[in-house]
Engineer: 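Attaching a single structure in structure tokens format; questions to follow.
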Amino acid sequence: MNTSSLPRRSVLRTLALAVALVGSATPAWDTTAFAAEPTTYALTITHLDRTGHKTGNYATNVTGISGPGADEAVHPYDASGTTTVRLPRGRYLLDSSLTTGNEADGTDWVVQPRLDLDRDTTITVDARTTVPVDVRPPDGSAGFLHSAMFVEVTHDGATRDANLINSSSNLRVAHLGPDSEPGSVKQWFDAYWSTKTAGYALGYTFTGPRALTGLTRHPSPKDLATVQIRGAARPGAPGTASATCNRVPDRPSASPRCWRPPAPPPTS
């Protein structure tokens, strides 16, 4: 503490003069130059494997849909299995793929199409909630090639999407969190299989308030549209190639996606 023997009136006069001098020499602050930063909240995500233990074998995406966080797209990660990121208030789409580290075990894909971030929030992504995707063609000799699953979420006129390409037939999926608005979630699943003479492209579309939790489809031959493809031979090359491509006709607006086996080698 500083002490002084000057009279109080002199001290006050001196302070007033100092304030006046400082005020005249200091430019006024331009408050318009400082835009208010949006309020952010902590989003903590814990990832559990199929045994219920925390795992670092995951890839998580958090994508802003609407509100101040609409332009956000982050991929939080921590090897401990629990990661925290700060984001502005808003509606988000979260998707997370988990693996065991062994490709043969496949992938667990958990999708939360509605994540309303308006406070500090903790989410658990649990692989034990997933249910298998069992989609197979009628021909038991067909071999699996690959599959693709897509999800598209719309809110306040904005649309965001996520997808997973899988090279293993072992895929498990689950919805996480509350329902979205009716019809705001669209999801597609396409699976491709082949035999020596034909290819199967099986496609299904779903619309509703939730992401898929599991999927089972075993179409019979009568459920499939058959397309015969005959490829013209190059000039001078003997023979032509032909194949059959099957597609489930439940997506009228989509064009058939056909796979054609390679042409056999020319014979001498």
Side-chain angles (χ1 to χ4, degrees), residues 38-55 57-78 80-99 107-135 148-164 166 171-189 204-217:
T39 301
T40 62
Y41 300 99
L43 174 62
T44 300
I45 310 167
T46 296
H47 302 81
L48 303 180
D49 62 19
R50 293 177 185 175
T51 66
H53 296 93
K54 290 172 65 173
T55 178
N57 293 323
Y58 67 88
T60 291
N61 308 296
V62 183
T63 307
I65 305 175
S66 61
D71 295 327
E72 298 286 340
V74 296
H75 318 284
Y77 179 81
D78 188 277
S80 69
T82 297
T83 180
T84 299
V85 61
R86 296 196 68 87
L87 293 167
R89 176 179 55 83
R91 172 74 65 92
Y92 291 84
L93 161 65
L94 179 148
D95 75 282
S96 184
S97 58
L98 304 95
T99 66
T107 302
D108 301 303
W109 197 36
V110 179
V111 176
Q112 180 164 346
R114 179 177 182 174
L115 169 55
D116 292 317
L117 191 64
D118 56 7
R119 67 197 70 183
D120 291 347
T121 301
T122 298
I123 290 175
T124 299
V125 174
D126 191 340
R128 294 173 299 176
T129 65
T130 61
V131 178
V133 173
D134 183 9
V135 176
M149 185 168 280
F150 307 86
V151 62
E152 181 181 273
V153 182
T154 300
H155 182 254
D156 273 356
T159 300
R160 300 292 186 267
D161 56 62
N163 65 80
L164 180 72
N166 208 31
L171 173 63
R172 302 167 63 93
V173 297
H175 170 91
L176 177 64
D179 287 6
S180 296
E181 293 73 16
S184 64
V185 180
K186 292 185 178 181
Q187 197 157 357
W188 296 265
F189 178 71
Y204 297 90
T205 305
F206 306 88
T207 301
R210 299 171 62 86
L212 290 175
T213 295
L215 174 63
T216 300
R217 292 291 187 275

Engineer: With rounding to the nearest 0.5 angstrom, report the CD to OG distance, Glu152 to Ser184.
Structural biologist: 10.5 Å
Engineer: Could you tell me whether a side-chain N or O of Arg50 sits under 3.5 Å from a main-chain N or O of Thr130, the two making a donor and an acceptor?
Structural biologist: no
Engineer: Look only at the side chain of Asp134 and the backbone of Thr216, and say whether a donor-acceptor pair between them is shorter than 3.5 Å.
Structural biologist: no
Engineer: What's the shortest heavy-atom distance between Gly177 and Arg210, and which atoms?
Structural biologist: O-NH1, 4.1 Å
Engineer: Looking at CG of Asp126 and CG of Leu98, how far apart are the two atoms once the value is rounded to the nearest 0.5 Å?
Structural biologist: 9.0 Å
Engineer: Indicate yes or no for a side-chain donor-acceptor contact from Thr213 to the backbone of His175 under 3.5 Å, with no hydrogens or angles considered.
Structural biologist: yes
Engineer: I need the single residue from Leu93, Leu164, Val185 that forms a side chain to side chain contact (heavy atoms under 4.5 Å, CB included) with Val111. Which is it?
Structural biologist: Leu93
Engineer: Do Arg89 side-chain atoms and Tyr41 backbone N/O form a donor-acceptor pair below 3.5 Å?
Structural biologist: no
Engineer: Do Asp156 and Arg91 have side chains that approach each other closer than 4.5 Å (heavy atoms only, starting at C-beta)?
Structural biologist: no
Engineer: Do Asp78 side-chain atoms and Ser80 backbone N/O form a donor-acceptor pair below 3.5 Å?
Structural biologist: yes
Engineer: Just wondering, do Ile45 and Val62 contact through their side chains at under 4.5 Å, heavy atoms?
Structural biologist: yes
Engineer: Checking Arg86 side chain against Thr40 main chain: does a donor-acceptor pair fall under 3.5 Å?
Structural biologist: yes
Engineer: Can you sort out the partners of Thr154 under side-chain hydrogen bond (donor to acceptor under 3.5 Å, both in side chains), two or more places apart, ordered by chain and number?
Structural biologist: Thr159
Engineer: Is there a donor-acceptor contact under 3.5 Å linking the side chains of Asn61 and Thr63?
Structural biologist: no
Engineer: Can you tell me how far CZ of Phe150 sits from CG of Asn163, rounded to the nearest 0.5 angstrom?
Structural biologist: 5.5 Å
Engineer: Could you check if a side-chain atom of Tyr92 sits within less than 4.5 angstrom of a side-chain atom of Leu43, using non-hydrogen atoms only?
Structural biologist: no
Engineer: For the residue pair Thr51 / Asp49, report whether a side-chain donor-acceptor contact shorter than 3.5 Å exists.
Structural biologist: yes
Engineer: Looking at Thr55, Val125, Thr82, which one forms a side chain to side chain contact (heavy atoms under 4.5 Å, CB included) with Thr46?
Structural biologist: Thr82
Engineer: So Val151 and Lys186, do their side chains get closer than 4.5 Å, heavy atoms only?
Structural biologist: no
Engineer: Dump the intermediate steps for side-chain contact (heavy atoms from CB on, under 4.5 Å) on Thr129 and Leu176, then the final yes or no.
Structural biologist: CA-CA 9 Å; Thr129 65; Leu176 177 64; over 6 Å; no
Engineer: How far does CD1 of Ile65 sit from CG of Asp71, to the nearest 0.5 angstrom?
Structural biologist: 12.5 Å
Engineer: Mind running side-chain contact (heavy atoms from CB on, under 4.5 Å) on Leu215 and Val135 for me, showing each step along the way?
Structural biologist: CA-CA 7 Å; Leu215 174 63; Val135 176; 3.9 Å; yes
Engineer: Is a donor on one side and an acceptor on the other found under 3.5 Å between the side chain of Arg114 and the backbone of Asp179?
Structural biologist: yes
Engineer: How would you list, by chain and number, every residue that makes a side-chain hydrogen bond (donor to acceptor under 3.5 Å, both in side chains) with Thr83, sequence neighbours excluded?
Structural biologist: none
Engineer: What distance separates Thr60 OG1 from His47 NE2, expressed to the nearest 0.5 Å?
Structural biologist: 2.5 Å
Engineer: Tell me, do Trp109 and Val133 make a side-chain contact under 4.5 Å, heavy atoms counted?
Structural biologist: no
Engineer: Report yes if some heavy atom in the side chain of Pro88 is under 4.5 Å from a heavy atom in the side chain of Glu72; otherwise report no.
Structural biologist: yes
Engineer: Supply the atom-to-atom distance Arg128 CZ to His53 NE2, rounded to the nearest 0.5 angstrom.
Structural biologist: 9.0 Å
Engineer: Knowing that exactly one of Asn166, Leu212, Asp95 qualifies, which makes a side chain to side chain contact (heavy atoms under 4.5 Å, CB included) with Met149?
Structural biologist: Leu212
